[in-house]
K.L.:
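Below is a structure I'd like to ask you about.
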Amino acid sequence: MASKAPPRIFSPARRIAARRRAIGLQQRPDAPRYLHEDMVEDIVERLSFLRFEPKRALVIGDWTGELARALQGQGVEVTEAEPAEGFDEESPYPFEGFDLIASLGTLDTVNDLPGALVHIRKALAPGGMMIASFLSIGSLPVLRDVMLAADGDRPAARIHPMIDVRAGGQLLQRTLFADPVIDHRPLRVGFRSLARLVGDIRAQAAGAVLADAAPSLGKAGLARAHESFLAAGEDGRTVETFEIITLSGWKK
């Protein structure tokens with residue numbers, strides 16, 4: 001019997017377009033990079049703590065190149081892949097035999113997350129390790145409330161669904177990763193305006209890429225959104241939370 005196709009939650013075309021836009025925005029000298037910087041720092045610290053020294057690594061989704069440079073500085077042979085440039089995480093990889101595969105900020109917008117994890121595991125060499133970080137449930141609570149206030153009596157899906165720690169653990173077990181570790185951490189950032197928050201989200205490819213796009217807010221809805229955002233803050237500054245989940249496991 002053929003396996004059931006995964007639900008179509010995200011639009012691959014919108015996903016690619018969002019990442020291409022973010023890569024373009026990242027060329028600006030003042031581009032926000034704190035989500036990727038946090039993920040890169042965490043991965044480097046994990047490898048150091050584990051005293052794991054991979055010889056070959058695949059880095060997925062890091063348009064800054066920071067992780068690749070850090071690994072290359074340790075003598076690691078690094079291959080880089082970016083979904084915006086045609087790398088399909090939901091298909092078998094065209095390469096394999098990696099001691100480390102690190103995925104940054106991409107797996108939260110694939111329709112077949114279990115399948116994507118299976119492809120990662122197959123591309124690992126025996127004894128290889130996967131580390132995948134992305135935004136999880138608990139992210140953007142202020143923006144969620146702001147959008148609800150803006151939509152009024154007709155709320156629309158404007159932020160995509162996200163997984164939690166429990167679901168992450170179940171996914172690693174289901175995809176046969178050994179010694180799985182799942183954790184999460186909050187990253188809190190203050191904003192003076194809703195426009196700056198939305199701009200940071202877009203510049204880091206963290207926005208919704210749902211298959212069914214929500215309708216535009218309109219002038220009245222946008223006014224309610226700005227009012228709600230300012231009301232959520234104090235002294236002209238509103239703090240938003242980005243919850244980063246990290247899944248890691250080994251191929252035995």
K.L.:
Among residues at least two apart in sequence or on other chains, which ones pass side-chain hydrogen bond (donor to acceptor under 3.5 Å, both in side chains) with Thr79?
P.N.:
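Thr79: no side-chain hydrogen bond (donor to acceptor under 3.5 Å, both in side chains) contacts found.
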K.L.:
Test side chain to side chain contact (heavy atoms under 4.5 Å, CB included) on Arg46 and Ile131; report intermediate values, then the result.
P.N.:
CA-CA 9 Å; Arg46 286 172 189 267; Ile131 305 177; 4.3 Å; yes
K.L.:
Hey, can you pull the donor-acceptor pairs under 3.5 Å for the side chains in residues 223-234, sequence neighbours left out?
P.N.:
unit_1: Arg224; atom_1: NE; unit_2: Ala149; atom_2: O; d: 3.4
unit_1: Arg224; atom_1: NE; unit_2: Ala150; atom_2: O; d: 3.0
unit_1: Arg224; atom_1: NH2; unit_2: Ala150; atom_2: O; d: 2.6

K.L.:
For Lys252, which residues count as a salt bridge (Lys or Arg N to Asp or Glu O under 4.0 Å) partner, sequence neighbours excluded?
P.N.:
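Per chain and number, Lys252 pairs via salt bridge (Lys or Arg N to Asp or Glu O under 4.0 Å) with Asp179.
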K.L.:
Side chains of Arg15 and Thr106: closer than 4.5 Å at any heavy-atom pair?
P.N.:
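In short, these two side chains touch, coming nearer than 4.5 Å.
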K.L.:
Pair up each side-chain donor or acceptor in residues 201-218 with any protein partner under 3.5 Å, not counting sequence neighbours, and list the distances.
P.N.:
unit_1: Gln204; atom_1: OE1; unit_2: Tyr34; atom_2: N; d: 3.3
unit_1: Gln204; atom_1: OE1; unit_2: Leu35; atom_2: N; d: 3.0
unit_1: Gln204; atom_1: NE2; unit_2: Asp200; atom_2: O; d: 3.2

K.L.:
For residues 48-60, tabulate all N or O donor-acceptor pairs below 3.5 Å that involve a side-chain atom, not counting sequence neighbours.
P.N.:
unit_1: Arg56; atom_1: NH1; unit_2: Glu96; atom_2: O; d: 2.9
unit_1: Arg56; atom_1: NH1; unit_2: Gly97; atom_2: O; d: 3.1

K.L.:
Can you name the closest pair of heavy atoms from Pro114 and Arg174 and give their distance?
P.N.:
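Heavy atoms only, the tightest pair is CG-NH1, 3.6 Å.
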K.L.:
For residues 239-247, dump all side-chain donor-acceptor pairs below 3.5 Å to protein atoms at least two apart in sequence or in another chain.
P.N.:
unit_1: Glu240; atom_1: OE1; unit_2: Val142; atom_2: N; d: 3.2
unit_1: Glu240; atom_1: OE2; unit_2: Val142; atom_2: N; d: 3.3
unit_1: Glu240; atom_1: OE2; unit_2: Leu143; atom_2: N; d: 2.8
unit_1: Glu243; atom_1: OE2; unit_2: His184; atom_2: ND1; d: 2.5
unit_1: Thr246; atom_1: OG1; unit_2: Ser133; atom_2: OG; d: 2.8
unit_1: Thr246; atom_1: OG1; unit_2: Arg185; atom_2: NH1; d: 3.1

K.L.:
Taking all non-hydrogen atoms of both residues, which atom of Arg196 and which atom of Ser193 are closest, and how far apart?
P.N.:
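It is N-OG, 3.1 Å.
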K.L.:
Do any pairs count as a ring pair (Phe, Tyr, Trp, His ring centres under 6.0 Å) and have a residue in residues 143-183, sequence neighbours left out, and if so which ones?
P.N.:
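Only Phe10-His160 qualify under ring pair (Phe, Tyr, Trp, His ring centres under 6.0 Å).
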K.L.:
Below 4.5 Å, heavy atoms only, C-beta onward: do Glu85 and Ile16 meet side chain to side chain?
P.N.:
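No, every pair of side-chain atoms sits at 4.5 Å or beyond.
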K.L.:
Is there side-chain contact between Gln26 and Trp63, with at least one heavy-atom pair below 4.5 Å?
P.N.:
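Gln26 vs Trp63: side chains touch.
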K.L.:
Would you say Met129 and Ile101 make side-chain contact, with heavy atoms under 4.5 Å?
P.N.:
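The answer is no; the side chains never approach within 4.5 Å.
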K.L.:
Are Glu89 and Pro83 close enough that some pair of their side-chain heavy atoms sits under 4.5 Å apart?
P.N.:
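Result yes, sub-4.5 Å side-chain heavy-atom pair found.
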K.L.:
Less than 4.5 Å apart, side chain to side chain, heavy atoms only: is that true for Phe134 and Met162?
P.N.:
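In short, these two side chains do not touch, never coming nearer than 4.5 Å.
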K.L.:
Between Gly61 and Arg19, which heavy-atom pair has the shortest distance, and what is it?
P.N.:
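Minimum heavy-atom separation between Gly61 and Arg19: O-NH2, 3.1 Å.
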K.L.:
Taking side-chain hydrogen bond (donor to acceptor under 3.5 Å, both in side chains) as the definition, give me every residue that meets it alongside Ser139, ordered by chain and number, with sequence neighbours left out.
P.N.:
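Partners of Ser139 by the side-chain hydrogen bond (donor to acceptor under 3.5 Å, both in side chains) criterion come out as none, since no residue qualifies.
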K.L.:
Check side-chain hydrogen bond (donor to acceptor under 3.5 Å, both in side chains) between Asp145 and all other residues, then give those that pass, not counting sequence neighbours.
P.N.:
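With sequence neighbours excluded, Asp145 shows a side-chain hydrogen bond (donor to acceptor under 3.5 Å, both in side chains) to no residue whatsoever.
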K.L.:
Are the side chains of Leu104 and Val40 in contact, using a 4.5 Å heavy-atom criterion?
P.N.:
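Yes; the side chains approach each other to less than 4.5 Å.
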K.L.:
Let me have the donor-acceptor pairs involving side chains of residues 65-73, under 3.5 Å, with sequence neighbours excluded, atom names and distances please.
P.N.:
unit_1: Arg69; atom_1: NH1; unit_2: Thr64; atom_2: O; d: 3.4
unit_1: Arg69; atom_1: NH2; unit_2: Thr64; atom_2: O; d: 2.9

K.L.:
Shortest non-hydrogen contact from Leu172 to Ser248?
P.N.:
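Taking Leu172 first and Ser248 second, the nearest heavy atoms are CD1-O, 3.5 Å.
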K.L.:
Has the side chain of Asp99 got a donor or acceptor atom that lies under 3.5 Å from a matching backbone atom of Gly128?
P.N.:
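Answer holds: no.
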K.L.:
Please, which pairs that meet salt bridge (charged side-chain N to carboxylate O under 4.0 Å, His left out) have at least one residue in residues 22-36, sequence neighbours excluded?
P.N.:
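Not a single pair qualifies under salt bridge (charged side-chain N to carboxylate O under 4.0 Å, His left out).
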K.L.:
Taking side chain as C-beta onward, heavy atoms only, is Asp62 less than 4.5 Å from Glu80?
P.N.:
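No; the side chains remain at least 4.5 Å from each other.
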K.L.:
Cut-off 3.5 Å, no hydrogens considered: what does the side-chain donor-acceptor table look like for residues 115-126, sequence neighbours left out?
P.N.:
unit_1: His119; atom_1: NE2; unit_2: Glu90; atom_2: O; d: 3.4
unit_1: Arg121; atom_1: NE; unit_2: Leu176; atom_2: O; d: 3.1

